[in-house]
Each structure stands twice: as structure tokens, then as C-alpha cells.
Amino acid sequence: MQHIRTATLDGVASIEIARPEKKNALTVEMYQAMAEALSAAREDAAVRAVLITGQPGIFTSGNDIEDFMKRRPGEGSDALDSPVARFMLALLECDKPVVVAVTGAAIGIGTTMLLHCDFVYVSDEARLSMPFVGLGLVPEYASSLLVPQLMGARRAAEKLLLGEPFTPEQAVECGIANAVLPAAEVVPHARRVAERFRALPPGAVREAKRLMRAPQREQVLATIRAEGALFAARLRSPEAMEAFGAFLQRRKPDFSRF
Ligand code: COA
């Protein structure tokens with residue numbers, strides 16, 4: 001069963017997250033496949049834009065929690081060399097427009113990745129959340145920098161410290177998403193936006209995207225390195241073990257002893 005499905009059609013390289021039985025939770029193998037799909041899209045001159053989609057009702061439930069417990073990305077190696085980091089850095093460095101159809105819930109890295117895409121369309125059934133702290137972890141991939149920038153420190157505290165979910169309308173209001181669409185229309189709409197790049201000059205698109213990102217690039221990368229070191233350490237923390245264990249045993253975590 002292929003959990004990441006890729007295709008190229010009408011100048012658009014699509015990456016579909018397809019592991020509905022686990023709510024599209026992302027494993028090391030899936031990050032690896034998505035990283036490879038992004039580099040292939042970058043190298044293929046026929047590809048003018050990338051489209052990322054999930055499944056009806058679920059975009060992704062974030063990193064696979066069993067994988068978090070087993071593999072601990074970054075452990076024993078450079079944190080930026082793990083499959084998840086290779087995927088996120090490929091997304092950051094993708095010089096073609098990336099359009100996302102958030103087909104349902106986007107949790108953890110499911111929301112974080114949106115911060116690095118160019119166009120984000122959200123289903124009216126979607127909920128976004130970054131529940132890192134509740135899992136004993138810290139924000140990742142520059143979300144500690146970009147979320148406060150987008151929505152201000154106070155609202156960012158609700159999302160990043162309390163892990164409060166937010167509605168598609170709030171995602172648009174704070175600038176994470178472009179528009180909310182009825183669930184059945186979110187993928188076709190996102191695809192139409194991606195296909196518009198077939199009629200645009202690719203060199204100018206590439207240079208414009210690079211210019212838009214250049215002013216913050218170094219700060220984003222430095223933040224990712226700082227967050228990555230803490231995140232890797234937190235994955236081994238007793239707080240995180242309690243949170244992961246609680247999720248898998250379907251009970252509430254108990255942090256009273258920490
Ligand atoms: N990692 C591993 N497995 C996951 C998962 C994840 N992130 N999200 C869901 N699953 C699994 C569940 O364990 C369950 O597996 P099982 O059927 O073998 O028991 C299956 O997917 C269905 O999930 P379930 O929780 O029963 O579905 P739901 O509709 O009640 O809830 C979610 C859906 C997405 C709200 C809920 O699964 C959830 O909160 N997931 C974890 C999100 C999270 O904290 N992600 C990490 C962010 S850093």
C-alpha cells in the first residue's frame with residue numbers, strides 16, 4: 001500500500017498523503033517519499049507547480065506517534081539529516097510554487113508545513129492545531145518564529161502554548177490560509193490555482209519566489225536549527241513519553257509528577 005501517491009499532470013506534480021486508516025499520520029518512509037517527490041518536481045522542467053493533498057476529512061494527524069517513540073528523528077545524527085528534516089527543507093527550498101489543499105484536520109507538522117507553502121486552501125471541515133507542548137515537545141520548523149509573526153504573540157500563545165485548535169476561517173484571518181472552500185471543492189480549486197502556473201514564465205516565478213523568501217531565509221534556518229536541537233532532546237523526555245503513552249493507551253496524560 002503506497003501511503004504517498006505521486007503523479008504529474010498538466011504541469012502539476014501532486015503529492016497525496018494516503019494513509020487514512022491511521023488518519024494520515026506521517027512515518028519516516030512517508031517523509032522520505034515526499035522529500036524525493038519534491039526534489040523530482042524541482043528537477044523536472046515540465047513541472048510548474050506542486051500540489052499537496054490529503055484524504056477527505058483528514059489532511060494529516062501529524063507525525064506518527066509510534067514512530068516518535070521508536071525512531072526519535074535526529075537521534076545520534078545531525079537533526080537536519082533526518083527524513084522529516086529533508087522533507088521540510090525540500091519544501092523550504094522548493095523554487096516552484098507549492099499549493100496545498102487542506103482536506104481536513106491538519107495537526108502538528110500538518111499545520112507547520114503550511115507555513116512554508118505558497119498557497120493554502122482549507123476545507124470548511126478542517127481544524128488546524130499545533131499541540132506540541134501538550135505532547136511534551138516544542139514548536140518546530142520555524143513555527144516559533146512564523147506563527148507569532150503572522151498572528152501576534154498573544155494569539156500565537158493560544159495556538160503554540162495551549163495547543164488550541166483553530167477554524168479554517170481563523171486560519172484565513174491570520175494569514176496561514178488563502179481561502180476556505182466547501183470540502184468537495186478544496187482539491188479541484190487548489191489544482192486550478194497550481195495549473196495557472198502553466199501559463200506563467202517559470203523563470204520569473206522562480207526568481208520572485210526566491211526574493212519573497214530571501215529576507216527571512218537565514219533567520220528561518222537558524223530558528224529551525226535551534227528548535228530541532230530542543231525537539232530532539234524533548235522526544236526523549238519523560239514528559240513526552242507520558243504524552244505518547246497516553247495517546248496510544250487512549251487516556252489523558254498525567255503531568256502532575258513533573
Ligand atoms: N500517530 C500514530 N497513530 C495515529 C495518529 C498519529 N499521529 N493519529 C491517529 N492515529 C491512529 C490511531 O492510533 C488509530 O489507530 P488504531 O485504529 O490502530 O487504534 C487510528 O489512527 C484512528 O485514530 P483515532 O484517534 O481512533 O481517530 P479519531 O477520529 O477519533 O481522531 C485524531 C482523529 C486525528 C483527532 C486523533 O487520532 C489524534 O488526535 N491524533 C494524534 C494527533 C497528534 O497529536 N499528532 C502529533 C502532533 S505533533
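Order of appearance sets the numbers: ligands from 1, and atoms from 1 within every ligand.
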Could you tell me whether Ser61 approaches ligand 1 through its side chain, its backbone, both or neither, with non-hydrogen atoms closer than 4.0 Å?
both

Mark up the atoms of ligand 1 that fall under 4.0 Å of a heavy atom belonging to Leu135, in ascending order.
44 (O), 46 (C), 47 (C), 48 (S)

Within 45 degrees of the axis of the six-membered ring of Phe166 and under 6.0 Å from its centre: does Lys159 put its NZ or CZ there?
yes

For atom 6 (C) of ligand 1, which protein heavy atom lies nearest, and how many Å away is it?
Ala25 CB, 3.5 Å

Which heavy atom of Pro168 sits nearest a heavy atom of Val122, and at what distance?
CB-CG1, 3.7 Å

Would you say atom 30 (O) of ligand 1 has a protein heavy atom nearer than 4.0 Å?
no

With heavy atoms under 4.0 Å as the rule, classify the contact between Ile107 and ligand 1 as side chain, backbone, both or neither.
side chain

Do the rings of Phe68 and Phe231 sit parallel, tilted or perpendicular, given the 30° and 60° boundaries?
tilted

Option with minimal heavy-atom separation from atom 27 (O) of ligand 1, where the choices are Arg250, Glu21, Lys23, Glu140:
Lys23

For ligand 1, which is the ligand I care about here, please tell me if Ile65 has any N or O atom under 3.5 Å from one of the ligand's N or O atoms.
yes

Going by the atom numbers of ligand 1, which of them fall below 4.0 Å from some non-hydrogen atom of Phe132?
48 (S)

Counting heavy atoms only, which of Arg19, Lys22, Arg127, Glu66 comes nearest to atom 21 (O) of ligand 1?
Lys22

Quick one: do the Ser144 and Glu227 side chains pair a donor with an acceptor below 3.5 Å?
yes

Determine, using the 4.5 Å side-chain heavy-atom cutoff (strictly less than), whether Ile52 and Val172 are members of one ILVMFWY cluster.
no

Nearest to atom 7 (N) of ligand 1, what protein heavy atom do you find, and at what distance?
Asn63 O, 3.1 Å

If you group Ile, Leu, Val, Met, Phe, Trp and Tyr by side-chain heavy-atom gaps below 4.5 Å, do Ile224 and Met113 land in one group?
yes

Atom 41 (C) of ligand 1: the protein heavy-atom neighbour that sits closest, reported with distance to 0.1 Å
Phe247 CE1, 3.5 Å

With side-chain contact (heavy atoms from CB on, under 4.5 Å) as the criterion, how do Lys96 and Arg48 come out once you've worked through the C-alpha distance, each side chain's angles and the decisive distance to 0.1 Å?
CA-CA 6 Å; Lys96 297 180 181 178; Arg48 298 302 175 89; over 6 Å; no

Membership question, hydrophobic clusters at under 4.5 Å side-chain separation (ILVMFWY): are Val187 and Phe119 in the same one?
yes

